[in-house]
Amino acid sequence: MAMRVTGMMSGMDTESIIQQLVAARQTKVDDLKKEQTKLEWKQDAWKEINSKIYKLFNGTLHNLNYQSSYMKKTTTVSNSNLVSVITSDSAMDSVQSLQINKMAKAGYLTGAEIKATDGNNLSSGSKVVDKLGIKAGSKFEVTVGGKKTEITIDESTTMSGLVSKLQSAGVKASFDVENQRLFIGADGTGASKDFTITASNDDGTDALDKLGILVYDEASIAAYKKYADMATDTAARDAAIQSKAAELVKSYTAEKTRLQDEITALEEKQSALVKEYNEVYGSDDFDITDTDQRAARKSDLDAAVERLTTELEDENLSAEDKAAKQHELDKAKAELSYINGYDKNLESIEAKQDRIGVLDSDYLNADGTAGAKTLEEAAADIQAKIDKASAVINNSDSLQGSTGVVKIKGQDAEISLNGVTFTSADNTVKVNGLTITCKGETNGETITLTTQNDTSGIYDMIKGFIKEYSELINEMDKLYNAESSKGYEPLTDEEKEAMSESEVEKWEAKIKDSLLRRDSTLSTVSSAMKEIMASGFEVGGKKMYLYDFGIETLGYFNAADNEKNAYHIDGDEDDENVKNETNKLMEMISTDPDAVVGFFTQLSQSLYSKLNKLMGTSEYSSINKVYDDKRMKEEYDSYTSKIAEAEEKLQDYEDKWYKKFSAMETAMAKMQSNASAVTSLLGGS
């Protein structure tokens, strides 16, 4: 805004005069802003009530439309301490007998205390070969759900590394430093997730024992026996060799693919290095990819580095010479770094190519099958397992395992329902619409499961609908019947400054509460809803109404203001008005559920259809809106344009008056100047 200095010559308060002249026209701008504010508040009021209508429409009312929503079942149990039941709608009404024979368990191994050879405790970083006297090359096999993973201990294997290998094999594992024990658990309950740990060679047996996890339980013995039988069952042995060979082929193929990828990356790096070298040091006389030229250049650079390093030790060098030689040395070292990097990459590429050559010639056939050395390796591995397993089985009478080790066998849950056995990997068994969760074994006790219609669930669903509808219709009636706010208009900033904060809030609340007073759209929507709720529907050849189910309004004289259209369920313990009445709705759900379902599906479908129509899109309203939101937005935007236009005219009007008073001041200044000149000519002072 421009700074204006007025009244200098006239002595008049022209600023105040102009503001008074403008004030009359400012009222027009303020009136437009007030109308726009009221419209904005009305939009907000409609958004709020519309969201509640849509919530009823898309939630409770939508669910009541379908008979499946009333097909609720519940199951009571005679001993909830031992079992719980979730009942689906598809469950049959029944009384059943249940025994829980076994609880599902997860396989779990508590290792024996580990004793280090030096008498000191192990840490997670302790190497098992050094601290426990375990031989490098010791092997044992972890089997989980039929998947076998062989673990080999080498010189670098630490306790934390061993734990990681066990975890990779499919079990949970940890090393308790404080108690110096390994703990190993199955990754879930059930027999199928149980695990076995068996030695693959004699050193493996010793390793398991020193680690405190050597066990000869039923599952372990069975695993050993499987291999021991291969000593005479050549077909099984050959199959095991082929299976092991297939594992090795997969491993070697993966290794070959990895090596090829690494070679490709190194070759790309090599190409980038050559390009960069040529850009910095390249010449027509030197090719870094030529072995002889590269060796000669490297020799020259090594000599230059040695020479320059010696020369820089001369204390008599001038600062200028020293700087020049240092620059030359740095340049030689940088170029030498390129050449050394090239040689290192090349050596790595050649080593990887050699390994691929060995894999292709010895371990993998051209068609990707197992090569001679792979078959030899597989045969040796299986034979070692056979030899070890045979030794274990032959000495099974004296097998003790590690002293102090305890292994809990993983098992499935087992129940008997009406004399039929069902099992599950966990403690939840699903049978014909019932989800039975076992909490403990019954030990001969018979538990009774009684499945029937969930009358309370159906009752709660209908009660929820009646409550939500009644709260909504009460609010709509309150808005429609609100007191008039005639004489109240939104406040300008100046008017707000003259009032306290609480006074402003009360003033605006008076206006906001009355925005939908006698609103025709609100009347249309609420009347349509009331009409349907009061309607009758044919059920079993008889027209029924809400009052047939003990659901009525309190009556005109008994209900509070704006609550005369709310419905109450007789006998509802949460409703002080009718809680002492007989609960007819609950009785009918128990005695005549078909009538309840038939009536309320028709009622909800009728109300749903009506609201769906009222919320349909039109020229003035958007989808899922019962009010004219499009028209209101157009009106709001129109006010914005009108306000901008009125403010522009007001500014022009104000500027006009400033110009007039400015011209007056200028004229008076000239007159005063001329008068002074005349006085001076006449000899005045």
Side-chain angles (χ1 to χ4, degrees), residues 1-8 10 12-51 479 482 484-501 503-522 617-667:
M1 179 179 292
M3 180 179 290
R4 299 183 175 104
V5 180
T6 59
M8 293 289 289
S10 66
M12 298 170 61
D13 185 1
T14 55
E15 182 76 24
S16 178
I17 295 170
I18 292 172
Q19 291 306 314
Q20 290 180 38
L21 290 168
V22 170
R25 298 203 175 192
Q26 177 68 46
T27 302
K28 183 176 181 180
V29 175
D30 291 342
D31 288 344
L32 287 170
K33 288 183 176 179
K34 290 178 179 181
E35 289 299 319
Q36 187 182 46
T37 298
K38 286 177 67 175
L39 178 59
E40 182 180 7
W41 289 348
K42 188 173 184 178
Q43 286 176 306
D44 291 340
W46 263 119
K47 286 177 183 177
E48 184 175 351
I49 196 69
N50 189 85
S51 68
L479 292 171
S484 172
S485 61
K486 186 176 181 180
Y488 287 79
E489 294 293 336
L491 300 168
T492 63
D493 291 339
E494 292 78 7
E495 290 169 335
K496 288 181 180 179
E497 289 176 1
M499 302 169 68
S500 68
E501 201 171 306
E503 287 174 333
V504 171
E505 289 180 1
K506 290 179 181 178
W507 184 282
E508 291 185 346
K510 179 72 174 177
I511 301 170
K512 291 179 180 179
D513 289 345
S514 68
L515 288 169
L516 298 183
R517 169 182 162 83
R518 301 295 185 260
D519 187 279
S520 60
T521 301
L522 184 63
T617 184
S618 71
E619 181 182 355
Y620 300 111
S621 63
S622 306
I623 189 69
N624 295 329
K625 301 290 191 299
V626 297
Y627 67 104
D628 296 341
D629 61 309
K630 290 181 181 178
R631 180 180 57 78
M632 286 186 179
K633 185 179 184 306
E634 289 177 0
E635 289 180 11
Y636 186 89
D637 293 341
S638 176
Y639 274 121
T640 300
S641 299
K642 289 177 181 178
I643 290 169
E645 183 180 344
E647 287 180 331
E648 185 177 355
K649 289 181 179 179
L650 182 64
Q651 187 64 51
D652 291 342
Y653 184 71
E654 184 179 20
D655 290 344
K656 181 183 74 172
W657 280 108
Y658 273 111
K659 287 178 182 178
K660 286 184 177 183
F661 277 99
S662 177
M664 180 188 75
E665 295 287 336
T666 300

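What you see is a predicted model; the values in this text were computed from it and never measured. The first residue of the sequence shown is numbered 1, and numbering continues consecutively from there.
- Taking the side chain to side chain donor-acceptor pair (under 3.5 Å) definition, one finds that Thr617 meets it with nothing, sequence neighbours left out.
- For the atom pair CG of Leu515 and CD of Gln43, the computed distance is 11.0 Å after rounding to the nearest 0.5 Å.
- A donor-acceptor pair under 3.5 Å links the side-chain atoms of Lys630 to the main chain of Ser618, judged by distance alone.
- Taking Lys47 as the reference, Asp44, Tyr627 meet the side chain to side chain contact (heavy atoms under 4.5 Å, CB included) condition, with sequence neighbours excluded.
- Taking OG1 from Thr521 and CG from Leu516, the interatomic distance works out to 9.0 Å, rounded to the nearest 0.5 Å.
- Of all the heavy atoms in Ser514 and Ser485, the pair that sits closest is OG-OG, 2.6 Å.
- Take Arg518 and apply the side chain to side chain donor-acceptor pair (under 3.5 Å) test, not counting sequence neighbours, and it matches Asn481.
- With sequence neighbours excluded, no residue forms a salt bridge (charged side-chain N to carboxylate O under 4.0 Å, His left out) with Lys506.
- Evaluation of the side chain to side chain contact (heavy atoms under 4.5 Å, CB included) rule for Ser484 yields Lys486, Arg517 as partners, not counting sequence neighbours.
- Contacts of Glu48 classified as salt bridge (charged side-chain N to carboxylate O under 4.0 Å, His left out), with partners at least two apart in sequence or in another chain: Lys52.
- Every residue two or more places apart in sequence or in another chain that forms a salt bridge (charged side-chain N to carboxylate O under 4.0 Å, His left out) with Glu635 is listed here: Arg631.
- In this structure, CG in Asp629 is found 10.0 Å from CD in Glu634, a value given to the nearest 0.5 Å.
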Yes or no on side chain to side chain contact (heavy atoms under 4.5 Å, CB included) for Leu522 and Trp46, after CA distance, side-chain angles and deciding distance? CA-CA 9 Å; Leu522 184 63; Trp46 263 119; 3.9 Å; yes
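- Take Ser500 and apply the side chain to side chain contact (heavy atoms under 4.5 Å, CB included) test, not counting sequence neighbours, and it matches Ser502, Glu503.
- Judged as a salt bridge (charged side-chain N to carboxylate O under 4.0 Å, His left out), and not counting sequence neighbours, Asp513 has no contacts.
- Residues forming a ring-ring contact (aromatic ring centres under 6.0 Å, His included) with Tyr620 (at least two apart in sequence, or on another chain): none.
- For the pair Met499 and Val504, the tightest heavy-atom approach, listed with the atom from each and the gap, is CB-CG2, 4.0 Å.
- Residues satisfying the side chain to side chain donor-acceptor pair (under 3.5 Å) criterion with Asp30, sequence neighbours excluded, are Gln26.
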For a quick test of your reading: what N or O donor-acceptor pairs under 3.5 Å do the side chains of residues 31-41 make, sequence neighbours left out?
unit_1: Lys33; atom_1: NZ; unit_2: Glu647; atom_2: OE2; d: 3.0
unit_1: Gln36; atom_1: NE2; unit_2: Tyr636; atom_2: O; d: 3.1
unit_1: Gln36; atom_1: NE2; unit_2: Thr640; atom_2: OG1; d: 2.8
unit_1: Thr37; atom_1: OG1; unit_2: Lys33; atom_2: O; d: 2.9

